[in-house]
There are 2 protein chains.
Amino acid sequence: MAEPLPQGGVIGILGGGQLGRMLSVAASRLGLRCHIFEPGAHPPAGHVADGVTTAPYEDAEALRAFGEAVDVITYEFENVPTSALDLLESLAPIRPGREALRISQDRITEKDFLSGLGLAVAPYAQVDDLSSLHAALDQIGTPSILKTRRFGYDGKGQSRLAGTEDASSAIEAIAGAPAVLEGFVAFEREISVIAARSVDGSTACFTPGENVHAEGILRTTTVPASIDDGTQAAAVDIATTILEALDYVGVLGVELFVTSEGLLVNEIAPRVHNSGHWTQDGCAIDQFEQHIRAVAGWPLGDPARHSDVMMQNLIGDDMDSVPALAADGRAALHLYGKAETKPGRKMGHVNHVAGT
Amino acid sequence: MAEPLPQGGVIGILGGGQLGRMLSVAASRLGLRCHIFEPGAHPPAGHVADGVTTAPYEDAEALRAFGEAVDVITYEFENVPTSALDLLESLAPIRPGREALRISQDRITEKDFLSGLGLAVAPYAQVDDLSSLHAALDQIGTPSILKTRRFGYDGKGQSRLAGTEDASSAIEAIAGAPAVLEGFVAFEREISVIAARSVDGSTACFTPGENVHAEGILRTTTVPASIDDGTQAAAVDIATTILEALDYVGVLGVELFVTSEGLLVNEIAPRVHNSGHWTQDGCAIDQFEQHIRAVAGWPLGDPARHSDVMMQNLIGDDMDSVPALAADGRAALHLYGKAETKPGRKMGHVNHVAGT
């Protein structure tokens, strides 16, 4: 697919959650259609998609029909099974490419990759069992965090260690899965860069946002972040370095720690990212459209910010505040249409737009 | 339906064109779903809707199933057949209400209504045949415009008269349909107000935009309009007067002529309006979400403008400029996904956002 995807072209999206939902809406603005592949019934993205396939990632026949029905394939989460990608890659281009997925699916591979680019990361060591955890603790010390190498999100698959006496319970908490021990970073703040790269290699980064997490889940992103111009430029440089090293196509989320000694890369996500939701109400072209433009072979949009924004996630019972938020005529709501509210579940977000 | 429509609620939309498409996207932001009723196959709105019924407005069974599947009904065009509304109104609330439809479906009824509110309109007279056209010409003179009373849009069903000698050809041009002769207004500019009223009677108007038409079709809307504060306030007053007289719920488009003697109402449209498309990139809450909020019984959004915008329609071959517009990273594209480009057909629009 060397030419830009024409009007009526179909983008296949693996995953039907809120990110797929907002990608599908963005695609519609460009006259493109989306087809969702999602194992779960009634996916939020299905409410605004042209087509939905409900099937497990192990269903080769469903995958093949999906791959043949679309012009290009993207995804809303990085843990797409390798076997599904093996089957799909002969049917349509997969963007971002498989190297970005391979790296971001495994925390050790990711940290090795980032270190190899000369980028600073937290101290880390591989942990496969209790004895290698003790060895890792000797090297890294405490406080530290044990994280599963794969399938972690929103603070799941993580256990904090205050001292070596927590070793056994930490291994238990992650069910003995292959893991990485990360040294705790005394950061001043966490920021993220939502970066994009097009098929022709041009790049564009939105203004870095400042993130606040609680219980491992993003709560707010405030843009601009409280950082000086030099830090902002350094953050953009890091994101651009990663994009180019991966020959990346699409939007990439890069989480960074701001420390007294400079920036550390926390993690990368090869997709649109929760900390980029502010762009929906802060920029003429948001991260979702930026991603669609990139994977469809279109030119990137200008990431200039027209408004400052504070994005607040609506998690679980936060949905009780929707009537009050709806009555605040300046709060831009983005609700995901999920059938059931659960504790810790992302149900929506709200962008508080300043300066109007 | 006294309570606001809850998460997962379904809005039925009569008509599946670009307005229905953008309404459906806006509804998704509020966690609501849309079901489209449209006689034509492959409607643009269907790409981003939760449900689509393809059936003629005469299909009582399809209408009934549609009415039973939705919580509230709205529409994207004012020429919905009365028989369909008769059937639907017992199944779900229709918003905006039928009085607004009745008035806006007929140019004479509309002008009588507006005049009755004390609002200025162009001189007009009813025309049923050649002899009543001659009587109307005696009263109104030329230049003037003969317009069909019903079913006109985008300059269709209209004929201009430079002198009385054009009478016969004008009657022929509109195929002898019931009509109105309107005196030509020497206006300085045309503006429009996109006004909204909620179930609880509160109102909100977006900044008036300035419209340029060619061949009866809107080409551009520029916001803000080049008018003084007094004219802007008068325009908003007129729109609010109309909203209240109709006990209106939803978004109403009001087209006005600015003349040396003040404002004249050109026409009203009981729906989201092409001249309000700029709000998608100029306001935190756009006209589509404003309409959905109103018909769903939610509070209205703040119509404050964060950016100045020039909206340009992409009509027919204007689509040839899409690659150049896509390469202009500051141009916010909104394409309708229509399968076929035809002369005079609205294929999309672009918002040029200033001040970023």
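Keep in mind the model is a prediction, meaning the values are calculated, not measured. In what follows, chains are A, B, ... by sequence order, proteins preceding strands, each numbered from 1.
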Among the listed options B:Pro323, B:Gly301, B:Ala326, the residue most often paired with chain A at heavy-atom distances under 4.5 Å: B:Ala326

Which atoms of B:Met319 approach chain A - backbone, side chain, both or neither, heavy atom under 4.5 Å: side chain

Nearest heavy-atom neighbours spanning A:Trp298 and B:Val322: CH2-CG1, 4.2 Å

Residues 43-55 of chain A: residues contacting chain B (heavy atom under 4.5 Å, by number): A:Gly46, A:His47, A:Val48, A:Ala49, A:Asp50

Heavy-atom donor-acceptor pair, B:Arg21 side chain to B:Tyr336 backbone, under 3.5 Å: yes

Minimum heavy-atom distance B:Ser202-B:Leu300, with the two atoms named: O-CD1, 3.5 Å

Test item: A:Asn351 side-chain N/O and A:His277 main-chain N/O as donor-acceptor pair under 3.5 Å: yes

Among A:Gln280, A:Arg293, A:Met22, A:Glu289, residue most engaged with chain B (heavy-atom pairs, under 4.5 Å): A:Arg293

Residues A:Asp286 and A:Arg29 bridged, charged N to O under 4.0 Å: yes

Donor-acceptor pair between A:Gln287 and A:His273 side chains, under 3.5 angstrom: no

Interatomic spacing from CE in A:Met310 to OG1 in A:Thr222 - rounded to 0.5 Å: 5.5 Å

Engaged part of A:Ala331 at the chain B interface, taking heavy atoms whose separation is under 4.5 Å: backbone

Heavy-atom pairs under 4.5 Å with chain A, option from B:Ser28, B:Ala27, B:Ala327 with the top count: B:Ser28

Passing candidate, side chain to side chain contact (heavy atoms under 4.5 Å, CB included) with B:Leu5, options B:Val295, B:Leu32, B:Leu30: B:Leu32

